[in-house]
2 protein chains.
Amino acid sequence: MSTGSLSITLATLADPTRRAILAQLAQGEATVTELAEPFEISLPAVSKHPKVLERAHLITRSRDAQWRPCCLNPEPLKDLADWLEHYRQFWEHSFDRLDEYLQELQAQESQQDGKD
Amino acid sequence: MSTGSLSITLATLADPTRRAILAQLAQGEATVTELAEPFEISLPAVSKHPKVLERAHLITRSRDAQWRPCCLNPEPLKDLADWLEHYRQFWEHSFDRLDEYLQELQAQESQQDGKD
DNA sequence: AGTACATTTAACCTATTAGTTAATTAACTG
DNA sequence: CAGTTAATTAACTAATAGGTTAAATGTACT
């Protein structure tokens, strides 16, 4: 995956309204008006978000008469997850390292206890 | 984790320079000058990124004389990974579901074949 | 004290973003 | 065909981001 599309994915997901829209679409397809319902902002404001999500390939849209149902597309999320995997070791092993450190500390203290 | 900090994490990661810096820090601590080395932009421009990364808690910084070594902090990445998990089913089961759907379709057709 | 190095701050510029209201397009319905 | 509903476009605004160059700060070395 290109650096560029990862940047676009992340920038698109950075907006909480868009993440809320994605969460709603995780429950199934929805039209713009349906998506707009939970928000207090104007309809044109909401309407811009599917466009942004579509440009980032996070959703796809079809046409059903005057409705434009939106559908979640998980591929960019998978790409993001793949990128994140490179860093997993850093959060998974940090407890181990803390643990190691504490054990080391205890070992030193025990040595001192023996000495004094 | 709050919606706000996820937004900050994502917005911070959306910049490719900052992701490159994180990748560099995955190899170990580095100073601003060291971090700047691979980039063509000015030093003050680079210098702004650690500030942003620090605000997002993606790095921590210490002080060693006139150097300010940066160190990766994986917590926000873990939070992001946790958020992403909610969507994993969509990319992992998407083939399965297509498969299921096709099987369902075939089953219905078989029923109809039986009836008619 | 004076110089050199690492980093940041200040002041500025430009592009982009997310919102607004008003107007427009497109499709169905009576 | 007239009216209604769904969605978008247009024109504008305010805030923010990421870069620039020049100046300032902090620390070490001699």
Side-chain angles (χ1 to χ4, degrees), chain A residues 3-25 28-73 76, chain B residues 2-25 28-72 76:
Chain A
T3 292
S5 54
L6 194 48
S7 295
I8 289 170
T9 301
L10 287 160
T12 302
L13 293 174
D15 185 286
T17 303
R18 286 194 285 267
R19 288 201 308 282
I21 287 176
L22 278 193
Q24 207 171 333
L25 291 177
E29 258 194 17
T31 66
V32 175
T33 325
E34 285 165 355
L35 290 173
E37 206 273 321
F39 303 108
E40 303 218 314
I41 59 179
S42 71
L43 196 61
V46 175
S47 171
K48 286 176 181 178
H49 290 302
K51 189 184 296 291
V52 177
L53 287 161
E54 192 179 23
R55 207 182 46 197
H57 304 113
L58 283 158
I59 67 168
T60 56
R61 318 186 66 179
S62 42
R63 181 175 270 293
D64 173 12
Q66 67 265 56
W67 293 275
R68 301 293 312 278
C70 302
C71 183
L72 183 66
N73 178 41
Chain B
S2 85
T3 291
S5 54
L6 195 48
S7 294
I8 289 170
T9 301
L10 288 161
T12 302
L13 293 173
D15 185 286
T17 303
R18 284 193 288 265
R19 288 201 308 282
I21 287 175
L22 279 193
Q24 209 171 331
L25 292 177
E29 260 195 15
T31 66
V32 174
T33 324
E34 284 165 356
L35 290 172
E37 205 274 320
F39 304 108
E40 303 218 314
I41 59 180
S42 70
L43 197 61
V46 174
S47 171
K48 287 177 183 181
H49 289 301
K51 190 184 295 292
V52 177
L53 287 161
E54 192 178 23
R55 208 181 47 197
H57 304 112
L58 282 158
I59 67 169
T60 55
R61 316 187 69 179
S62 42
R63 180 176 272 292
D64 173 12
Q66 66 264 57
W67 294 275
R68 300 292 312 279
C70 302
C71 181
L72 184 66

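Below, chain A is the first sequence line, B the second, and so on; all start at residue 1. Just so you know, these numbers use all the heavy atoms, side chains as well, and skip hydrogens, waters and symmetry mates.
Between the CG atom in B:L25 and the CD atom in B:E34 there is a gap of 10.0 Å [rounded to 0.5 Å]. Between B:L13 atom CG and A:L6 atom CG the span is 8.5 Å, to the nearest 0.5 Å. A distance of 10.5 Å separates CD in B:E29 from CG in B:L35, rounded to the nearest 0.5 Å. Note: A:L53 CG to A:L72 CG = 9.5 Å, rounded to the nearest 0.5 Å.
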Could you pull out the protein-nucleic contacts involving nucleotides 3-5 of chain D (nitrogen or oxygen on both sides, under 3.5 Å)?
none

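Contact check of residues 10-24 of chain A against DNA chain C (heavy atom, cut-off under 4.0 Å) returns A:D15, A:T17, A:R18. For DNA chain C, the residues of residues 37-50 of chain A within the heavy-atom distance limit of 4.0 Å (strictly under) are A:I41, A:S42, A:P44, A:A45, A:K48, A:H49, sorted by number.
Nearest-nucleotide positions on DNA chain C place B:R61 closer to the 5' end than the other of A:D64 and B:R61. Taking for each of A:V52 and A:A65 the nucleotide of DNA chain C with the nearest heavy atom, the 5'-most of the two is the partner of A:V52.
A donor-acceptor pair is defined here as one N or O able to donate and one able to accept, closer than 3.5 Å; no such pair exists between the side chain of B:T31 and the backbone of B:P69. With A:S7 contributing its side chain and B:D15 its backbone, the two residues share no donor-acceptor pair below 3.5 Å.
Inter-residue side-chain proximity for A:T17 and A:V46 is flagged as unmet; no heavy-atom pair is nearer than 4.5 Å.
Contacts of A:P44 classified as side-chain contact (heavy atoms from CB on, under 4.5 Å), with partners at least two apart in sequence or in another chain: A:S42. By the side-chain contact (heavy atoms from CB on, under 4.5 Å) test, B:A56 pairs with B:I8, B:T12, B:L58, sequence neighbours left out.
In this structure, A:L53 places its CG atom 14 Å from C1' of C:dT17, rounding to the nearest Å. In this structure, B:K51 atom NZ and D:dG19 atom C1' are separated by 16 Å, rounded to whole Å. One atom, CZ of B:R68, and another, P of D:dT27, lie 10 Å apart when rounded to the nearest Å.
Within the structure, side-chain hydrogen bond (donor to acceptor under 3.5 Å, both in side chains) contacts touching residues 44-63 of chain A (residues at least two apart or in different chains) are A:R18-A:H49.
Nearest approach of B:L10 to A:A14, heavy atoms of both residues: CB-CA, 3.7 Å.
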